Amino acid sequence: MEQTIAAISTSIVSSGAINIVRLSGNDAIEIADKVFVSKKGIKLSEVNSHTVHYGNIINKGNLVDEVLVIVMKAPNTYTKEDVVEIDCHGGILVTKKVLETILDAGAVLAEPGEFTKRAFLNGRMDLSQAEAVIDVIHSKNEYALKSSIRLLSGKLSEKIKNIRTILLNHISYIEAALDDPEHMSLDNYADKVNKDVDNCVDIVENLWKSADNGSIVHNGIRTVILGKTNTGKSSLLNALAKEEKAIVTDIEGTTRDTLEEQINLGGITLCLVDTAGIRDTDDYVESIGVKKAKENAENADLIIFVVDSSRELDENDEQIISLIKDKKVIVLLNKNDLDSVVTEKDLQKIKEYNKEFIAISISAKNETGLDTLENAIKEMFFLGNISFDDEIYIYNTRQKNLLKEAYESLKLVKSGIADGMSEDFLTIDLMNAYEKLGVIIGEAVEDDVANQIFSKFCMGK
Amino acid sequence: MPIYVEALQISFAVIIRINVVKLYWQFWYCASEWGMFMSNICENYDVVVVGAGHAGCEAALACARLGLSTICFTVSCESIAMMPCNPNIGGSSKGHIVREVDALGGEMGKNIDATFIQSKMLNQSKGPAVHSLRAQADKAAYSQKMRMVMENTDNLLVRQAEVSEIIVDNKVIKGVKTVSGAVYAAKAVILCTGVYLKARCIYGDVSYETGPNGLLPANHLTKSLVDNGIEVRRFKTGTPARVDKRSIDFSKMTEQFGDERIVPFSFTTDPDSIQKEQVSCWLTYTNEDTHKIIMDNIDRSPLFSGTIHGTGPRYCPSIEDKVVRFADKDRHQVFIEPEGLYTNEMYLGGMSSSMPEDVQYAMYKTVPGLEHVKIVRNAYAIEYDCISAIQLKLSLEFKNIKGLFAAGQINGSSGYEEAAGQGIIAGINAAMYIKNKSPLILDRSESYIGVLIDDLVTKETLEPYRMMTSRAEYRLLLRQDNADLRLTKYGYQVGLINEERMNHVREKECLIQEEIERVKNVNIGTKDSVQELITSYGSSELTTGITLAELIKRPELSYQCLESIDTQRPQLSEEVAEQVNIHLKYEGYIDRQLRQVERFKKLENKIIPDSIDYNKINGLRKEAMQKLDKFRPHSIGQASRISGVSPADISVLLVYIAARR
C-alpha cells in the first residue's frame with residue numbers, strides 16, 4: 001500500500017505568518033492523532049470529514065506548536081486520499097519541527113510534486129490539469145494566474161479538441177477512401193482539406209504566437225533601459241520600483257554593469273534591465289558599454305530609451321538610436337520639470353530607425369507621467385485589453401514547442417497539396433499535427449511527457 | 001581412445017536416451033487411448049500442422065525447411081491451397097503481405113507467379129505506398145502447384161485425416177488425435193483450420209453442415225479446444241455465385257486488361273520469365289432494379305432474418321449488406337473474373353450473397369450482360385468457429401498452452417494472404433520454440449504482417465479481420481517494392497533464406513545508397529538539353545543550376561526520366577532505380593515517417609513489469625483496468641493499442657511505472 005507522505009506546502013522562502021504541513025495517505029489521520037492533542041480532548045479518527053480542530057503538536061512530551069488541524073477524508077480531497085493539514089503559527093523553524101515530528105510518527109517526506117502526482121494517479125485530474133497546477137504555482141502575477149486557471153478549466157483543451165476533430169475527420173475519410181475507392185471518392189478532396197487546414201493553421205498559429213504574450217504574462221516583460229549617463233535612469237528605476245515592493249535580484253554571472261529587477265507595474269511584471277549607460281570618456285570602455293547595451297537590447301521585449309530632454313541629443317544618443325531598430329520602444333523624455341530642448345525634429349531622427357516608437361514626457365524626479373508610461377506598456381503588449389477574459393495564453397515551453405510542430409505539420413499539408421501530392425501523403429502530416437496537438441491535451445501519449453511535467457513541481461504540491 | 005570414437009559413443013548414448021523418451025511418450029499416449037479407440041497408430045513428429053490451406057501450407061513448409069519432421073493434415077489432398085472464394089492473390093495491402101511472405105522465404109509469391117493468368121499493379125495514380133500488386137490465378141493450377149511443392153519438400157508429409165483433438169499435458173502441447181483415434185505426438189502443433197470448424201453453409205433457408213465447395217467440415221476439434229480452456233467464437237463470411245461463361249454477354253461490360261509489363265510477386269522470379277498473354281476480367285454494375293429485388297426480399301436473407309449468428313466482415317460485405325448500408329448509391333461494381341484457363345466458371349466479384357436461390361437468379365439477371373446468366377454454383381454464406389486471438393502471444397503461440405500455435409482464419413482474419421502471413425510466422429516460431437530460440441516478432445513499423453498480428457492479438461476484433469493500407473501507420477515505409485529490403489534479413493536469420501539471396505539484397509542496398517549519394521551531388525546546369533527534356537515532361541525551365549536530386553523532387557519528373565541528362569549514371573537494375581527514385585522523390589515524407597517510427601519505438605520499448613497489479617492503480621478507468629488485466633500487454637506501446645485503454649490511462653501507467661522504479 002502507498003505510504004503516507006508529508007511536506008510543508010507553503011513556500012519556505014517567503015514564509016508568512018501561517019505555514020501548512022500537509023499529510024496524505026491511508027494513515028494520515030492516524031499519524032496526526034499520534035502527535036496532535038486536541039484542546040477538547042477529541043481524537044481526529046473520530047471527527048467528521050472537512051472539520052477544523054484546535055490543539056497542540058507534541059513531540060516526546062514537549063509542546064512544539066499551537067495549531068489548527070483540518071481533517072479531510074477520502075475521496076473528496078486533493079489527492080483522493082485521506083488528507084490532514086496542520087496550520088502552524090510559530091514561524092518556519094517551528095514548522096520544520098512540526099514536520100519532523102510527523103515524519104517521526106510514521107509519515108515519509110513527499111517528493112516534489114508527489115501530492116499532485118497522487119491526485120493524478122488517483123484519477124483526480126488529467127495531465128493537462130496537473131500541468132496547469134504547476135503553472136498556477138509558478139505564476140508571478142494575477143494575469144498569469146488567471147490564465148493558468150483558465151487552462152486548468154480546460155479552455156485550451158476545448159480549442160485543440162475542435163481542431164483535432166477536423167483533422168481526424170479528414171484523415172479517416174482519406175484512409176477509408178484509399179481502401180474503398182469504389183464507394184468513396186477522393187476527387188477534389190484535397191481542396192476541401194486545404195480549406196479546413198487553412199482555418200486550423202490560423203488557430204494554431206494564434207495559439208502558438210500567443211505563447212510570446214503568454215511568456216510575457218507569465219515571466220514578465222523583459223525591459224531594457226537605455227540612455228547615456230545622467231539622463232535619470234536610476235531615478236526612473238527608483239520611481240518605478242517604489243510602486244510596489246521590488247524583488248531585487250542580482251543575476252549571477254553578469255557584470256556589475258547590468259542590474260536586473262522585477263517590478264510589478266499595475267499587474268504587469270516588468271523585468272527591468274538597467275544598463276550602465278553609454279559613456280563617452282574612454283574608447284575602450286565605450287565599446288564595452290555599447291556591446292553590452294546591444295546584447296541587452298537584442299534580447300529585450302521592450303526598450304525604454306531615456307532621453308534627458310533638457311540637453312540636446314548628441315552622438316551617444318544617436319548610437320543608442322541605432323540599437324533600437326525593430327523593437328518595441330518607448331522614448332522617455334525625462335526631466336520635463338526642466339526646460340525642454342529636444343525638438344520634434346530630433347524625434348524624427350529616431351523615426352528613421354524605428355517607426356512605431358512612443359514618446360512620453362515624464363519627470364522621474366517628481367514621479368509625474370508614470371501612469372502614462374504604464375498605460376503605454378499595456379497598450380503595446382496587450383493592445384490595451386488586459387482583461388484576458390477570452391484569451392488563452394500559452395506560456396509553457398513544452399506546449400509552445402508542440403504547437404509550433406503542429407503548425408509546421410499543417411504548413412506541410414498545405415505545401416503537399418500545392419505540390420499535387422496524392423492524398424496518402426497528406427495523411428502523414430495531418431497525423432503528425434493531430435498527434436502533436438493530442439500530446440498537449442493528454443489525448444496522445446509521448447513517452448516522457450508525464451515525467452517531464454511532474455519533475456517541474458516543487459516540494460509540497 | 002581416439003577422440004572421435006568417444007564422441008561417437010556419447011552421441012549414441014544421447015540418441016538412445018532420446019529414443020527411450022520418445023518411446024515412452026508413444027507408449028503412454030497409445031496405451032492411454034487404447035481403451036477408447038483400439039487404434040494402434042501412433043507416430044512422432046516435431047510439428048503437426050492442422051490444415052493445408054494458405055496458412056497451413058506456409059507453416060508446414062517453413063517448419064520442414066527448417067529441418068523439422070512435419071506432418072500436415074488436410075480433410076482432402078485435392079484441397080491443398082484451395083481458393084474457395086475470389087480467384088486472385090494480392091490486391092490493396094494484401095499484395096504487400098504476399099511480398100513480405102516471399103521476403104521471409106515463403107511460397108505464396110512463387111506459387112502465384114507460376115500460375116497467374118492476369119497481373120495488375122493497382123493504385124498507380126497514387127503514391128508508392130499504396131501501389132499494390134494483384135494477380136488473377138488459375139485456381140486449379142495454383143492448388144496443384146502448391147500440392148506438388150508440399151509433396152516434394154523434405155521432412156514434410158501431407159496426411160488426409162480429420163484431427164479431432166489436441167493433446168495437452170500440464171499446459172504443454174503433446175500432439176493431436178484424429179477421428180480414427182490415431183495419435184500423432186509432436187513438440188509443437190499449429191492450428192490452421194480455416195473455416196472448417198463446425199462449418200455451415202447457408203443460402204436462403206437452405207443450411208447444411210459442410211465446408212466450402214462441399215468439403216467435409218471438422219466437427220470435433222472445437223470441443224477439444226474448449227475443453228482445454230480456449231475461448232471460441234463464431235464468424236461468418238460469404239462468396240458470390242460462379243456462372244457459366246457462355247451465358248454472359250461481354251459486349252455490355254468493360255474489359256479489364258492486365259498490365260503491359262508484368263511485375264512478379266516473388267523477388268526470386270525473373271520478370272522476363274513471366275511475361276505472357278493474359279486473360280481479361282470484365283466490369284459491369286448493379287442498378288436500381290437489382291437493389292429493388294434485394295430490398296423486396298430482404299426478409300428472406302438469413303443475414304437479416306437472424307438465421308446467421310456469426311459476425312461478418314464489414315470490409316468485404318455481401319451485396320445485400322452494401323445495398324442496405326450504402327442506400328444512397330444507385331450502383332455497385334461487379335467484376336467478372338475467370339476461375340481458370342480450363343473452366344468456364346466465372347466469379348461475380350462484388351456480389352457475394354446468402355439470398356435464396358431464386359432471388360440470386362433474379363438479382364444477377366438485372367445486371368447488364370448477365371440477363372441470361374446460368375449459375376454453376378450458388379452464392380452462399382459460411383459460418384465457422386474461430387478463436388479469440390487475444391489468447392495468443394505476438395509469436396502466435398497460445399499464452400496458456402506451450403507449443404500450441406494458431407494461424408489464419410481460425411484467428412479471426414479473412415483472406416488468403418492474411419492467412420499465409422500468419423502461417424509463415426507461426427511455422428517459424430514453432431521451429432524457434434522447438435529449437436529453444438527466441439521467436440520472430442515483426443513490429444508495426446517494419447511490416448504489414450507485424451501490423452496484422454499485433455492487431456489480431458491486441459485488439460478484440462469482433463468481425464473477420466481484413467488487411468487494409470489504413471491499418472498500417474507507417475505505410476510509406478512499408479511499401480510492396482521494398483519488402484525484400486525490410487524482411488529478407490529475418491528470413492535469413494531464421495534459416496529460410498540462403499546466403500546467396502541475402503547477399504543479393506545486401507548488394508542491392510549498397511547500390512541504392514551509393515546511387516542516392518551520387519545523385520545528390522550531380523549538378524544540373526541550365527543547358528538547352530536540360531531545358532528541352534524537362535519541359536517535354538511539362539516541367540518549368542530551370543533559372544539556375546540545381547542538383548539532380550532536387551530536380552527529381554518535381555512531381556512531374558523522376559529519376560528514370562532524367563537519364564539522358566545524367567551522363568555519369570551507372571548501369572542499374574529496374575528495382576534499384578525504382579528505390580533511388582522513391583527515396584529522393586519522397587525524402588521529406590520518408591524522413592518524417594521515420595521520426596514517427598522513432599516515437600513509436602520509444603513506447604514500444606517501455607516494457608511493463610510482469611508483476612504489475614493493475615487493480616492497484618486507481619487513476620485508471622475501470623474499463624482500462626479490466627482490459628489491461630485481461631491482456632497483460634508486453635509494452636506501453638501495446639497497451640496503448642488495446643481498445644478501451646485511453647491515452648489518459650497510458651499516461652497514468654507511465655507515471656505509475658516510473659514512480660515504482
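Everything numeric here is computed off the predicted structure, so don't read it as measured data. Just so we're on the same page: letters track the sequence lines, and every chain starts at 1.
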A:Phe120 to B:Val655 - nearest heavy-atom pair and separation: CE2-CG2, 3.5 Å
At a 4.5 Å cut-off on heavy atoms, which part of B:Tyr474 comes close to chain A: side chain, backbone, both, or neither? neither
When rounded to the nearest 0.5 angstrom, what is the spacing between OG in B:Ser93 and CG in A:Leu178? 11.0 Å
Heavy-atom side-chain contact between A:Asp419 and B:Lys553 under 4.5 Å: no
Heavy-atom distance under 4.5 Å between the side chains of B:Arg599 and A:Asn432, does that happen here? yes
Checking the side chain of B:Ser470 only, and the main-chain atoms of A:Ala176 only, is there a donor and an acceptor separated by less than 3.5 Å? no
Please classify the contact of B:Leu476 with chain A as side chain, backbone, both or neither, using a heavy-atom distance under 4.5 Å. side chain
Euclidean distance, B:Arg595 CZ relative to A:Ile428 CD1, rounded to 0.5 Å: 11.5 Å
Salt bridge A:Glu175-B:Arg475, side-chain N to carboxylate O under 4.0 Å: yes
Can you confirm whether B:Lys126 sits close enough to A:Leu186 that some side-chain heavy atom of one is under 4.5 Å from a side-chain heavy atom of the other? yes
Check: B:Asn618 and A:Leu121 side chains under 4.5 Å, non-hydrogen atoms: no
Closest contact, heavy atoms only, B:Gly127 versus A:Ser422: N-OG, 3.0 Å
Could you check whether atom NZ of B:Lys459 has more than 12 heavy atoms from other residues, nucleotides or ligands sitting under 6.0 Å from it? yes
Test item: A:Asp429 and B:Tyr589 side chains (from C-beta on) under 4.5 Å apart, heavy atoms: yes
With a 4.5 angstrom heavy-atom cut-off, is it the side chain or the backbone of B:Gln596 that approaches chain A, or both, or neither? side chain
So, the part of A:Thr427 with a heavy atom under 4.5 Å from chain B: the answer is side chain
Under a 4.5 Å heavy-atom cut-off, does chain A meet the side chain of B:Thr469, its backbone, both or neither? both
